[in-house]
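These notes concern the structure reproduced below.
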Amino acid sequence: MSLVRIVSKAALAAVALVAVAATVPAQAQNATEIQLSYKDKKFDPAEISAPANTPIVIKLKNLDAKAMEFESKTLKVEKVVAGSSDATINVRAQKPGRYEFFDEYNEKVARGALVVK
Ligand SMILES: [Cu+2]
């Protein structure tokens with residue numbers, strides 16, 4: 001590859017990075033974003049995954065009419081999400097492992113897990 005091509009590729013990459021940085025809120029930079037739905041007291045998907053050592057942003061859609069409370073003891077998060085509404089759950093960078101979460105209002109049936117690899 002010629003030097004000119006290498007330089008122009010680097011310039012393109014820099015432009016692309018600036019474009020991304022301009023559209024992503026500061027808090028979510030470098031974070032892994034995961035879409036998660038909640039319906040009929042079930043998480044969909046029931047298992048989500050994310051890379052280790054990277055902040056995680058879970059975009060949760062509560063499709064049920066009733067409020068739910070997303071909670072994980074191992075991830076140290078908990079958030080009440082009103083019925084038929086969305087929430088953003090910020091999770092700190094984690095080590096590899098399996099982290100269970102649940103709806104605290106339906107703890108026995110409404111369960112899921114985040115697998116960090
Ligand atoms: Cu709670």
Side-chain angles (χ1 to χ4, degrees):
M1 193 183 283
S2 75
L3 183 59
V4 172
R5 280 196 69 180
I6 292 168
V7 169
S8 68
K9 274 207 157 184
L12 272 179
V15 168
L17 276 179
V18 169
V20 168
T23 54
V24 175
Q27 199 177 23
Q29 270 182 40
N30 305 319
T32 297
E33 193 174 300
I34 301 171
Q35 308 289 332
L36 184 63
S37 296
Y38 185 79
K39 190 173 187 341
D40 298 328
K41 299 181 185 173
K42 280 187 198 112
F43 289 101
D44 180 25
E47 190 171 291
I48 52 179
S49 62
N53 309 313
T54 307
I56 300 157
V57 176
I58 298 173
K59 296 282 189 179
L60 176 61
K61 267 189 193 311
N62 180 8
L63 300 170
D64 281 351
K66 286 188 176 172
M68 57 89 71
E69 184 178 320
F70 181 93
E71 177 154 345
S72 172
K73 295 195 165 85
T74 46
L75 294 170
K76 300 190 176 78
V77 292
E78 94 182 298
K79 186 155 196 158
V80 175
V81 185
S84 307
S85 64
D86 300 355
T88 297
I89 296 152
N90 294 299
V91 178
R92 282 182 206 189
Q94 301 291 326
K95 296 190 168 96
R98 185 183 169 87
Y99 302 87
E100 300 218 342
F101 55 80
F102 52 90
D103 166 14
E104 198 183 348
Y105 303 154
N106 296 282
E107 201 171 332
K108 291 218 168 89
V109 291
R111 306 192 66 90
L114 166 68
V115 177
V116 175
K117 296 177 222 186

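What you see is a predicted model; the values in this text were computed from it and never measured. Both counts, for ligands and for their atoms, begin at 1 and track the order of listing.
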Is any NZ, NE, NH1 or NH2 atom of the basic residue among Glu100 and Arg111 found under 4.0 Å from an Asp or Glu carboxylate oxygen of the other? yes
I'd like to know if Glu47 and Arg98 make a salt bridge, using a cut-off of under 4.0 Å between side-chain N and carboxylate O. yes
Does a donor on one side chain and an acceptor on the other come within less than 3.5 Å for Ser37 and Lys61?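 Short answer, no.
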Distance (rounded to the nearest 0.5 Å) between Lys42 NZ and Asp64 CG: 10.0 Å
Is it the case that the ring center of Phe43 lies less than 6.0 angstrom away from the ring center of Phe101? yes
Heavy-atom side-chain contact between Leu36 and Asp44 under 4.5 Å: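 No, every pair of side-chain atoms sits at 4.5 Å or beyond.
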Under 2.8 Å from the Cu ion (ligand 1), the protein N, O or S atoms, given as residue and atom: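 Result, waters dropped: Glu69 OE2, Glu71 OE1, Glu78 OE1, Glu104 OE1.
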